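These notes concern the structure reproduced below.
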Amino acid sequence: LALGSAMLTRLHVREMAWPYMHELAQSSGLSVSLLMRDKLSMIYLEHCRSPKTLSFRAQAGSRLPMATSAAGRAWLASAPKAERLYVMGELMRASPGSGPQLERRIEEAVQEYAQYGVACSFGDWNKRVHAIARTFDPGQSLPLICVNLGGTSDVPREQLLGEGRARLIELTSLLQEQLASGSKRA
């Protein structure tokens, strides 16, 4: 019963977020995705892309790596410290030999998130993809949800960290407020 309730609430989050995600994808010419953590990866809940975007075509259920994707880094940067340290330990056990480099990159992501309000991946997960991401708390005892904004490596970092970042912060704040108040799209 609890699992079914959690799934219905996630569906509510998807339904509430989709029009805003679609609007951002259309106006920015970028892809906008809604993701959450599942074990050591991020799983797509929803994905909207602009007709201009020829980048990665994700579907609900597709996965991104935790350590190298903007979405995974955003989750790691905003998760409670104890949970972040646990997941970091699991990531290091899953990738022997990458420990110090992985730990350093995650700590950089935490600092980056504190400075910019987003986590970045400029070719780290996939050399042809530039993306930024930010989490929000959907409340109702649900896990953190992440919104990812990205495109091909032709998209300048300045575009993502400028207008893209501002619009992503605005979107995640709006979603968190609406979920907290239980309201629908205005």
Side-chain angles (χ1 to χ4, degrees), residues 2-28 30-39 41-50 58-64 66-67 69-88 106 109-121 130-151 159-186:
L3 179 60
S5 175
M7 292 304 287
L8 287 175
T9 304
R10 285 187 196 123
L11 180 60
H12 175 68
V13 172
R14 286 177 59 193
E15 289 172 347
M16 182 179 286
W18 193 89
Y20 298 111
M21 293 170 58
H22 179 74
E23 188 176 293
L24 179 54
Q26 298 305 304
S27 63
S28 68
L30 300 169
S31 292
V32 183
S33 304
L34 194 68
L35 303 101
M36 64 181 291
R37 181 177 80 89
D38 181 46
K39 300 178 183 157
S41 60
M42 297 298 289
I43 189 166
Y44 282 88
L45 303 174
E46 189 66 69
H47 181 74
C48 296
R49 63 185 194 92
S50 162
Q59 296 179 345
S62 298
R63 294 178 179 274
L64 282 176
M66 179 73 69
S69 68
R73 290 172 176 173
W75 185 91
L76 286 161
S78 57
K81 187 174 183 177
E83 193 172 1
R84 177 175 63 243
L85 292 174
Y86 170 78
V87 171
M88 282 174 59
I106 291 170
V110 170
Q111 292 171 4
E112 182 178 79
Y113 198 89
Q115 182 178 355
Y116 297 111
V118 297
C120 306
S121 179
H130 282 182
I132 60 172
R134 181 175 172 86
T135 60
F136 68 94
D137 181 355
Q140 304 169 39
S141 300
L142 288 170
L144 290 172
I145 302 280
C146 183
V147 180
N148 190 82
L149 178 66
Q159 178 184 349
L160 285 169
L161 290 173
E163 183 181 349
R165 179 176 69 92
R167 295 194 60 199
L168 186 59
I169 290 170
E170 181 182 334
L171 173 60
T172 54
S173 297
L174 176 72
L175 292 172
Q176 185 163 317
E177 284 174 26
Q178 287 196 355
L179 287 162
S181 70
S183 68
K184 299 281 182 193
R185 183 179 168 105

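As the structure is a computational prediction, the values presented were derived from the model and not from experiment. Sequential numbering from 1 along the given sequence is applied to the chain's residues.
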Please output the side-chain donor-acceptor pairs of residues 80-88 that fall under 3.5 Å, not counting sequence neighbours, one pair per line with the distance.
unit_1, atom_1, unit_2, atom_2, d
E83, OE2, R37, NH2, 3.4
R84, NH1, L76, O, 3.3

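Atoms CG and CG, on L34 and L171 in that order, are 8.5 Å from each other to the nearest 0.5 Å. Note that OG of S33 and CG of L45 are 10.0 Å apart. Values are rounded to the nearest 0.5 Å. Atom SG of residue C146 and atom CD1 of residue I43 lie 13.5 Å apart, to the nearest 0.5 angstrom. Once rounded to the nearest 0.5 Å, the distance linking CZ of R165 with SG of C120 reads 9.0 Å. Atoms CG and CZ, from L30 and R49 in turn, are 12.5 Å apart once rounded to the nearest 0.5 Å. Here the straight-line distance linking atom OG of S62 with atom OH of Y44 works out to 7.0 Å at 0.5 Å rounding.
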ask   = Run the side-chain contact (heavy atoms from CB on, under 4.5 Å) check on L168 and L160 step by step: do they pass?
value = CA-CA 9 Å; L168 186 59; L160 285 169; over 6 Å; no
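Heavy-atom minimum distance, V13 versus P138: CG2-CB, 4.3 Å. In terms of heavy-atom proximity, A109 sits nearest to R73 at CB-CB, 3.9 Å. Taking each heavy atom of A74 and A133 in turn, the nearest pair found is CB-O, 3.6 Å. Contact record, T172 with F136: O-CB, 3.8 Å, taken as the closest heavy-atom pair. Minimum heavy-atom separation, M42 to S69: CG-OG, 4.5 Å. Residues A131 and A70 share a closest heavy-atom pair of O-CB, 3.6 Å.
Inter-residue side-chain proximity for L161 and V118 is flagged as met; some heavy-atom pair is nearer than 4.5 Å. In this structure the side chain of M36 never reaches within 4.5 angstrom of the side chain of L142, judged on heavy atoms. Side chains of H12 and L179 form a contact here, defined as non-hydrogen atoms less than 4.5 Å apart. Between T135 and Y113 the shortest side-chain heavy-atom distance falls below 4.5 Å.
Ring planes of H22 and W18: parallel class, angle under 30° (limits at 30 and 60°).
The one candidate from N148, L149, V32 that meets the side chain to side chain contact (heavy atoms under 4.5 Å, CB included) condition with M21 is V32.
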